[in-house]
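All heavy atoms count here, side chains included; hydrogens, waters and symmetry mates do not.
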Amino acid sequence: MNKYQITLVQESFSKIIPISSLAAELFYNKLFELNPKLKPLFKQDITEQGTKLMKMLGVAVNNLNNLEMLIPIVQTLGERHIGYGVKEEHYDTVGEALIWTLEQGLGKDFTPELKDAWLITYTTLATVMIEAANKKLA
C-alpha cells in the first residue's frame, strides 16, 4: 500500500461518510446474500452493528498513514472476532461485500485504480486480523 493508494482510499471513504447508514445496510444485505450462514454471528441490532462497522472503517482508513498506531487496534479486533465465531474463510466474503458496497456507493468514481487500492487496503487489514486471531488460537 503506497501513499497514493492510501490517499485514494481516504478520499473515497470521505464520500461514503455522508451515506454511511445506507452503506452499512447495503454491506450487510450483500454479506448475508453471499453467505446466509453469517447472519447468526450478528447478535445485536444490525443498524447498531452498521454504525460500529462504519466507525471502525473510519478509524482504519484515517490511520493508514500511522500503521504503528493502527496495527495493534486491528490485531485486537481480529482477536475479538474469534469470540463472535468469525472464521478465516469469512474474511473473503466480507471483502467481497465491502468492495461491492463501495462500488454501489461511489458509482462511476469507483475506478479500477480505486478498486485495487481498496483491495490492497482490505487484504492488508484482514491479514493482520487473521494472523492475530490465529496466534491467539495457537
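The shortest side-chain heavy-atom distance between Ile46 and Lys39 does not fall under the 4.5 Å cut-off. Residues Asn63 and Ile73 have side chains not in contact (no heavy-atom distance under 4.5 Å, counting atoms from C-beta outward). Looking at Val86 and Met129, their side chains never come closer than 4.5 Å, going by heavy atoms from C-beta outward. A 4.5 Å side-chain heavy-atom check between Thr121 and Phe13 finds every atom pair outside the cut-off. Side-chain contact between Asn2 and Gln5 is present, with heavy atoms from C-beta onward closer than 4.5 Å. You'll find the side chain of Ile130 reaches within 4.5 Å of the side chain of Asn134, heavy atoms only. The shortest side-chain heavy-atom distance between Ile120 and Val9 does not fall under the 4.5 Å cut-off. In this structure, Tyr28 and Leu53 have side chains that are in contact, with non-hydrogen atoms separated by less than 4.5 Å.
Taking CG from Leu125 and CG from Leu77, the interatomic distance works out to 9.5 Å, rounded to the nearest 0.5 Å. With rounding to the nearest 0.5 Å, the separation of NE2 in His90 from CG in Asn35 is 6.0 Å. Note: Trp100 CH2 to Asn29 CG = 7.5 Å, rounded to the nearest 0.5 Å. To the nearest 0.5 Å, the span separating NZ on Lys15 from CG on Leu106 amounts to 6.5 Å. Leu119 contributes atom CG, which lies 12.0 Å from atom CE of Met1 (distance to the nearest 0.5 angstrom). To the nearest 0.5 angstrom, Glu25 atom CD is 7.5 Å from Thr47 atom OG1.
Phe110 and Val94 fall within the same hydrophobic cluster, where Ile, Leu, Val, Met, Phe, Trp and Tyr residues are linked whenever their side-chain heavy atoms come under 4.5 Å apart, directly or through other members. By the criterion of side-chain heavy atoms lying less than 4.5 angstrom apart, applied directly or through intervening Ile, Leu, Val, Met, Phe, Trp or Tyr residues, Leu137 is not grouped with Val128; the two fall into different hydrophobic clusters. Each of Leu102 and Leu34 belongs to its own hydrophobic cluster when Ile, Leu, Val, Met, Phe, Trp and Tyr are linked at side-chain heavy-atom distances under 4.5 angstrom. By the rule that hydrophobic residues join a cluster once side-chain heavy atoms approach within less than 4.5 Å of another member, Leu67 and Tyr4 end up as members of one cluster. Under the 4.5 Å side-chain heavy-atom criterion for ILVMFWY residues, a single connected hydrophobic cluster contains both Ile17 and Ile19.
The two residues Glu68 and Pro72 have their closest heavy-atom pair at O-CD, 3.2 Å. Across Leu41 and Tyr84, no two heavy atoms sit closer than the pair CD2-O, 3.3 Å. Between Val59 and Leu70, the closest heavy-atom pair is O-CD1, 4.3 Å. Residues Ala133 and Gly78 share a closest heavy-atom pair of CB-O, 3.6 Å. Taking each heavy atom of Ala24 and Gly50 in turn, the nearest pair found is CB-CA, 3.6 Å.
Judged by distance alone, the side chain of Ser20 and the main-chain N or O of Ile16 form no donor-acceptor pair under 3.5 Å. Formation of a donor-acceptor pair under 3.5 Å by the Tyr122 side chain with backbone atoms of Tyr91 is found in this model.
Partner of Thr51 under the side-chain contact (heavy atoms from CB on, under 4.5 Å) criterion, chosen from Met54, Lys55, Gln49: Lys55.
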For a side chain to side chain contact (heavy atoms under 4.5 Å, CB included) check, start with the C-alpha distance between Gln44 and Lys52, then their side-chain angles and the critical distance, and finish with the verdict.
CA-CA 11 Å; Gln44 67 185 56; Lys52 289 180 179 181; 3.3 Å; yes
